[in-house]
Trainee: 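Here it is, the structure in full.
As a basis for the values below, the full set of heavy atoms in this structure was taken, side chains included, without hydrogen atoms, waters or symmetry mates. For ligands, and for the atoms within them, numbers begin at 1 and follow the listed sequence. All residue numbers refer to positions in the sequence shown, counting from 1.
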Amino acid sequence: MTADQNTQRSWAPQTQMVRGATERSQFSETNEAIFMTSGYVYENAEEAEGAFKGENERFMYSRFRNPTVAMFEKRLALIEGAEDCRATASGMAAVYAALACHLSAGDRLVVSRALFGSCHYICAELLPRFGVKVDFVDGTDITQWEAALSTPANAVFFETPSNPGLEMIDVAKVSELAHKAGAVVVVDNVFATPILQKPLHNGADIVVYSATKHIDGQGRCLGGAILGTTEFIVEKLTPFFRHTGPSLSPFNAWILLKSLETLKLRMEHHCNNALKVAHALEREKNISKILYPFLPSHPQHKLATSQMSAGGSIITFELTGGKFCAFQFLNQLKLVDISNNLGDAKSLACHPATTTHHRLTPEERGHLGITEALVRISIGLEDTDDLIADITQALA
Ligand SMILES: *Cc1c(COP(=O)(O)O)cnc(C)c1O
């Protein structure tokens with residue numbers, strides 16, 4: 001017996017993460033099955049005709065839907081509190097599909113300047129090639145949103161907290177302004193995850209994820225997701241999705257499905273660890289500036305604590321002594337690895353100016369506070385004493 005949709009919606013998040021949307025095959029397996037199949041067979045030609053006419057809902061081709069992928073989509077939708085979800089092969093496929101599926105030449109998109117490097121490419125270079133007008137604002141400054149959204153717009157896109165500057169954007173306020181301007185609000189919720197922040201509850205229309213980050217959280221596979229209303233998913237996204245093919249592999253969906261079982265436990269541990277390390281870093285004299293949303297010194301600490309339930313896994317800081325010292329620090333780390341990935345069980349550190357954000361011009365990096373002295377650390381699930389000891393010795 002499986003619980004019905006309404007019962008599953010009433011479950012606490014931890015129960016949804018372990019059991020939500022589980023479908024069992026005729027073999028009654030305990031664990032979710034991997035349906036590695038590209039196609040599906042029909043009893044007769046009429047059934048195939050009906051499926052293509054949309055008369056009977058069934059699996060037709062794994063570019064459209066797949067049973068393992070559907071379990072992941074439905075489970076994530078339950079956790080997020082979204083009506084529907086489509087999973088993608090990567091986070092970037094999710095970001096691109098969420099924007100491209102409904103924007104047309106002549107439309108206007110307003111975005112926060114503090115974007116992940118590839119999101120910046122989509123907004124600054126790719127969409128303008130197809131005639132979408134894109135305006136950038138300082139996402140932390142509500143007066144800039146007010147000015148940009150005083151004229152009609154079709155979509156608003158931002159990430160909060162941002163990568164790597166950990167800028168916070170007020171989802172409720174920006175969504176209200178966006179809706180008055182006629183825009184759909186798309187939020188990249190990668191840093192917060194559905195555990196720490198629920199943009200849809202604060203007025204956003206669509207949430208996108210890189211599941212590669214905390215959702216997998218164990219460095220194994222790429223993945224992404226788009227969540228929103230059934231109307232948006234069915235009418236805007238589904239045709240784009242079916243015909244352009246950003247679909248997630250059933251094997252990766254199975255990995256991510258298993259990851260959801262432990263997402264809350266891992267996020268709580270990531271956040272506790274990160275807060276401890278952030279406090280320890282505050283006492284270090286070789287650090288000139290430290291950013292962590294749940295430190296009172298964060299410029300938007302009040303917004304962070306009202307919008308998020310914990311500070312996340314990422315800490316950003318500046319070393320005295322510029323790029324030379326930042327590189328020295330990274331090279332001296334013995335436990336923490338140098339990697340541009342984040343949200344992993346293993347703690348990872350990187351130098352955004354020369355890696356994730358190297359494509360930006362020095363002026364653009366300047367706007368975002370991505371200096372040559374800036375280091376980003378994604379705090380993993382190791383013991384904090386070991387992490388603090390490693391970071392402290394590398395700073396010395
Ligand atoms: C990593 C990341 C993405 C892209 O996700 P991929 O799975 O690597 O394609 C998008 N947005 C943010 C904020 C990210 O950190």
Trainee: Using distance alone, determine whether M92 and ligand 1 share an N or O pair under 3.5 Å.
Mentor: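 Min N/O separation from ligand 1 is below 3.5 Å for M92.
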
Trainee: Using distance alone, with no hydrogens and no angle criterion, decide if E80 and Y209 have a side-chain donor and acceptor under 3.5 Å apart.
Mentor: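 There is such a pair (donor and acceptor under 3.5 Å, judged by atom type) between the side chains of E80 and Y209.
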
Trainee: At their closest point, which heavy atom of V336 faces which heavy atom of L333, and how far apart are they?
Mentor: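 Heavy atoms only, the tightest pair is O-CB, 3.5 Å.
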
Trainee: Hey, do the aromatic rings of H102 and F232 have their centres closer than 6.0 Å?
Mentor: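 Between H102 and F232, the centre distance is under 6.0 Å.
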
Trainee: Quick one: does A93 get a heavy atom under 4.0 Å from ligand 1?
Mentor: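 Judged by the 4.0 Å heavy-atom criterion, A93 does not count as contacting ligand 1.
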
Trainee: If the cut-off is 4.0 Å to any non-hydrogen atom of S90, which atoms of ligand 1 fall inside it?
Mentor: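 Answer, ordered by atom number: 7 (O), 9 (O).
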
Trainee: For F327, is the NZ or CZ atom of K323 found under 6.0 angstrom from the centre of its six-membered ring and inside 45 degrees of the ring axis?
Mentor: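 Ring-cation test returns yes.
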
Trainee: Any chance you could lay out the salt bridge (charged side-chain N to carboxylate O under 4.0 Å, His left out) test for E261 and R19, step after step, and finish with the verdict?
Mentor: CA-CA 8 Å; E261 298 183 349; R19 292 191 169 268; over 6 Å; no

Trainee: Can you report which non-hydrogen protein atom sits closest to atom 13 (C) of ligand 1, along with the distance?
Mentor: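 Result for atom 13 (C) of ligand 1: D188 OD2, 3.4 Å.
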
Trainee: So if I count the atoms of ligand 1 from 1 in the order they appear, which ones are less than 4.0 Å from some heavy atom of N163?
Mentor: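 Numbered from 1, ligand 1 contributes 15 (O).
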
Trainee: Ignoring angles and geometry beyond distance, decide whether E159 reaches within less than 3.5 Å of ligand 1 through its nitrogen or oxygen atoms.
Mentor: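 No.
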
Trainee: Is it true that R58 and E43 make a salt bridge, defined as a side-chain N closer than 4.0 Å to a carboxylate O?
Mentor: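 No salt bridge links R58 with E43.
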
Trainee: Can you tell me which residue and heavy atom of the protein come closest to atom 2 (C) of ligand 1, and the distance to 0.1 Å?
Mentor: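 Answer for atom 2 (C) of ligand 1: K213 NZ, 2.5 Å.
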
Trainee: Does V190, backbone or side chain, put an N or O under 3.5 Å from an N or O of ligand 1?
Mentor: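 Checking ligand 1 against V190, no N or O pair falls under 3.5 Å apart.
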
Trainee: Roughly how far, to the nearest 0.5 Å, is CG of L348 from CD1 of I338?
Mentor: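 So the CD1 of I338 and the CG of L348 are separated by 10.5 Å.
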
Trainee: Is it the case that the side chains of R108 and T151 hold a donor-acceptor pair, with the cut-off being a distance below 3.5 Å and no angle test?
Mentor: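 Yes, R108 and T151 have a side-chain donor paired with an acceptor closer than 3.5 Å.
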
Trainee: What is the closest protein heavy atom to atom 7 (O) of ligand 1, and at what distance does it sit?
Mentor: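 The closest one turns out to be T212 OG1, 2.6 Å.
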
Trainee: Find all atoms of ligand 1 within a distance of less than 4.0 Å from any non-hydrogen atom belonging to G223, and give their numbers and elements.
Mentor: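 Every atom of ligand 1 under 4.0 Å from some heavy atom of G223: 7 (O).
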
Trainee: Only heavy atoms of G91, strictly under 4.0 Å: list the atoms of ligand 1 that pass.
Mentor: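 Checking each atom against G91, I get 5 (O), 6 (P), 7 (O), 9 (O).
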
